[in-house]
Amino acid sequence: MLFKKVVVVLLLSIFFYACSNDPIIEDQKVETKDYSHDVVKSWTNQYLAVETTLGGFRPSNTCRALNYSFLAAFQVGQHGMPKYRSLEQILGIPGLPTRPASEDIHYDLAINAAMKVMLHELMTGIEFKQGQMIDEHYEQLHEKYAVGVSDEVIEASIDWGRDVAAAFVRYAKTDVEAEKQILDPQPASYKSPVGEGLWEPTAPDRSRALFPHWGRTRKFAITEADMLGVPPPAFSTDPNSTYYKEFEEVYDAVKRRKYKEVWIAEFWSDDIVGLTFSPPARTFAIANQLIEQADMNLENTLHLYAKLGLASNDAAVVAWHNKYVFNLERPSNYITKYIDPSFKPILGRGVNNEGLTPPFPGYPSGHSTFGGIQEGIFTAFFGSSFPFTDKCHAGRTEFYGEPRTYLSFKELAEENAISRIYLGVHPRMDCVEGLRLGKIVAERVNQLQFQL
């Protein structure tokens, strides 16, 4: 009789274990790879939602925030990733907490806690409503992931997430140059050089140069040699010169306004605060779709997003460094002077009045640099041939947001780059150099030894 009772108890225990959807069982060690990517995807979407309306935060500062946020998330999950090294070993980041006292960490709860801290601390300038969005998102996910988890595991997981996040916030703030520029992104003290072919403030508001010293901020994977850009063609007003033809191509594209070219231009723009997330953040919006398509687990997702963060950070550093080394003019400056005084880019069409141009030098194109890292990092994870449909702007009515399909990430990156010609804000030379630099950044990041 006693034997039968024991069998019944054992069978009931097996039944309840099998029916549980929660990955954490206190007597069982569960690794990060046993979780889905949902917590990362959810926080990425929340970041994008907040960033869309966060003025004064793009384009360079958001690269920094994305980088540290996803490095922190990786480090939280690395506790349960035995085949991966700590970021202290990979990048030499000091002061990271040691393994938590509890071996039972619920990684969804821990990453949820870490991301709340990172967004509050590094999404500088958030308003009360945006802060509420972050808090509410945290509470929603906490309620979802805490079901069936013991109080001890919940507390240990939250503590671990917060401790790791706090360490990354401290490290981020030791980048004194970045902290200074965040407070004063368009310094009145910066005086741009004057001369033929050099950048000058653009219509309509002719605002001061944005992030002129961002090239001095912290980089993680690239070297000083990698920072050296290829000089652009020599300035010329001769219609037969390479320089003139570069801007003539932009003029012709904007003038003809072919349907597909306008579609590509606006599909990749992401320039306007309040309308879409920023161009660097677009990389993570694409990644959210890719991890869904590939059904990646949490371990692989954290690895991918950490590398995307590093590449985004370094892409912004190298692009903005070279922008202010070469100080090359924008099409709106050159074309109105030497080709057609009535020329206007189509940026802002249907939203504001068209004719907008980003307030910083053109060479190299930031979009194209981010395109280069997209090609390099995504190809390393998903392969050179990976058919993919980008649905980032499906359903938009303010511009052509119909999804676009690509057979490779090379095709995606090159279209991202060429979109700036069709938009009227960059000549081809800006795009070619941006892609080149972005690919170098991706190569350096891919060379980092994350795995043992």
Side-chain angles (χ1 to χ4, degrees), residues 51-68 121-127 130 172-219 227 229 232 235 270-275 278-281 312-337 344-345 347-348 352-353 355-367 369 420 424-426 430 434:
E51 197 226 42
T52 294
T53 59
L54 187 51
F57 188 67
R58 55 176 70 184
S60 302
N61 193 5
T62 194
C63 295
R64 176 177 183 262
L66 285 163
N67 179 36
Y68 285 110
E121 292 290 340
L122 292 180
M123 296 193 82
T124 53
I126 57 173
E127 298 176 355
Q130 294 164 328
K173 292 186 176 181
T174 62
D175 186 352
V176 178
E177 189 64 51
E179 291 291 304
K180 180 171 67 176
Q181 292 188 56
I182 290 165
L183 295 174
D184 189 14
Q186 292 178 292
S189 60
Y190 175 76
K191 305 298 180 186
S192 56
V194 177
E196 288 186 323
L198 298 181
W199 179 82
E200 55 190 70
T202 53
D205 57 0
R206 303 195 181 280
S207 62
R208 293 196 299 264
L210 182 63
F211 291 120
H213 306 301
W214 198 259
R216 301 175 186 172
T217 61
R218 178 179 287 148
K219 53 187 182 292
M227 297 278 282
F235 171 83
D270 297 323
D271 291 281
I272 299 173
V273 176
L275 181 63
S278 70
S312 297
N313 181 93
D314 285 11
V317 173
V318 73
W320 262 254
H321 167 75
N322 282 285
K323 281 179 182 292
Y324 289 98
V325 165
F326 296 108
N327 281 287
L328 200 71
E329 63 190 331
R330 291 280 186 164
S332 58
N333 297 128
Y334 185 87
I335 294 172
T336 54
K337 289 179 182 177
K344 287 183 179 181
L347 177 58
N352 300 318
N353 292 322
L356 304 178
T357 295
F360 38 80
Y363 186 88
S365 156
H367 269 73
T369 312
R420 306 306 278 175
V425 297
H426 282 284
D430 296 8

Exercise. Do the side chains of Arg216 and Tyr324 get nearer than 4.5 Å, heavy atoms only?
Worked result: no
Exercise. Below 4.5 Å, heavy atoms only, C-beta onward: do Trp214 and Lys323 meet side chain to side chain?
Worked result: no
Problem set entry | Partners passing salt bridge (charged side-chain N to carboxylate O under 4.0 Å, His left out) against Asp175 (at least two apart in sequence or in another chain) | none
Exercise. For Pro201, does its backbone N or O pair with a side-chain atom of Arg206 as donor and acceptor, under 3.5 Å?
Worked result: yes
Residues 187-199, side-chain donor-acceptor partners within the protein, below 3.5 Å, at least two apart:
from	atom 1	to	atom 2	distance (Å)
Tyr190	OH	Asn327	OD1	3.3
Lys191	NZ	Ala188	O	3.4
Trp199	NE1	Phe360	O	3.4

Exercise. Just by distance, do the side chain of Arg64 and the backbone of Ala316 share a donor-acceptor pair under 3.5 Å?
Worked result: no
For this session: For Arg330, enumerate each residue passing the salt bridge (charged side-chain N to carboxylate O under 4.0 Å, His left out) test, keeping only those at least two apart in sequence or located in another chain.
Result: none
Exercise. Any side-chain heavy-atom pair from Lys219 and Met227 closer than 4.5 angstrom?
Worked result: yes
For this session: Could you check if a side-chain atom of Asp271 sits within less than 4.5 angstrom of a side-chain atom of Leu356, using non-hydrogen atoms only?
Result: no
Problem set entry | Under 3.5 Å donor-acceptor, Asn322 side chain and Gly229 backbone | yes
For this session: Check salt bridge (charged side-chain N to carboxylate O under 4.0 Å, His left out) between Lys344 and all other residues, then give those that pass, not counting sequence neighbours.
Result: none
Exercise. Which residues satisfy the side chain to side chain contact (heavy atoms under 4.5 Å, CB included) test with Pro359, sequence neighbours excluded?
Worked result: Gln186, Ser207, Leu210
For this session: Just jot down the ring-ring contact (aromatic ring centres under 6.0 Å, His included) partners of Tyr334, sequence neighbours excluded, or say none.
Result: Tyr243, Phe247, Tyr338
Problem set entry | All side chain to side chain contact (heavy atoms under 4.5 Å, CB included) counterparts of Ala65, not counting sequence neighbours | Tyr47, Phe57, Leu122
Exercise. For Asn333, does its backbone N or O pair with a side-chain atom of Glu200 as donor and acceptor, under 3.5 Å?
Worked result: no
Exercise. Who passes side-chain hydrogen bond (donor to acceptor under 3.5 Å, both in side chains) against Tyr68, sequence neighbours left out?
Worked result: Arg218
Problem set entry | Nearest heavy atoms of Thr52 and Leu275, plus distance in Å | CG2-C, 3.9 Å
For this session: Taking side-chain hydrogen bond (donor to acceptor under 3.5 Å, both in side chains) as the test, write out the residues that go with Ser365, two or more places apart.
Result: Ser368
Exercise. Who passes side-chain hydrogen bond (donor to acceptor under 3.5 Å, both in side chains) against Asp430, sequence neighbours left out?
Worked result: His426
Exercise. Considering residues at least two apart in sequence or located in another chain, which fulfil the salt bridge (charged side-chain N to carboxylate O under 4.0 Å, His left out) criterion with Glu51?
Worked result: Arg58
Exercise. Quick one: side chain to side chain contact (heavy atoms under 4.5 Å, CB included) partners of Lys173, sequence neighbours excluded?
Worked result: Glu121, Val169, Glu179
Exercise. With a 4.5 Å limit on heavy-atom distance, are the side chains of Arg420 and Pro358 in contact?
Worked result: yes
Exercise. Are Arg208 and Asp184 within salt-bridge range, i.e. N to O under 4.0 Å?
Worked result: no
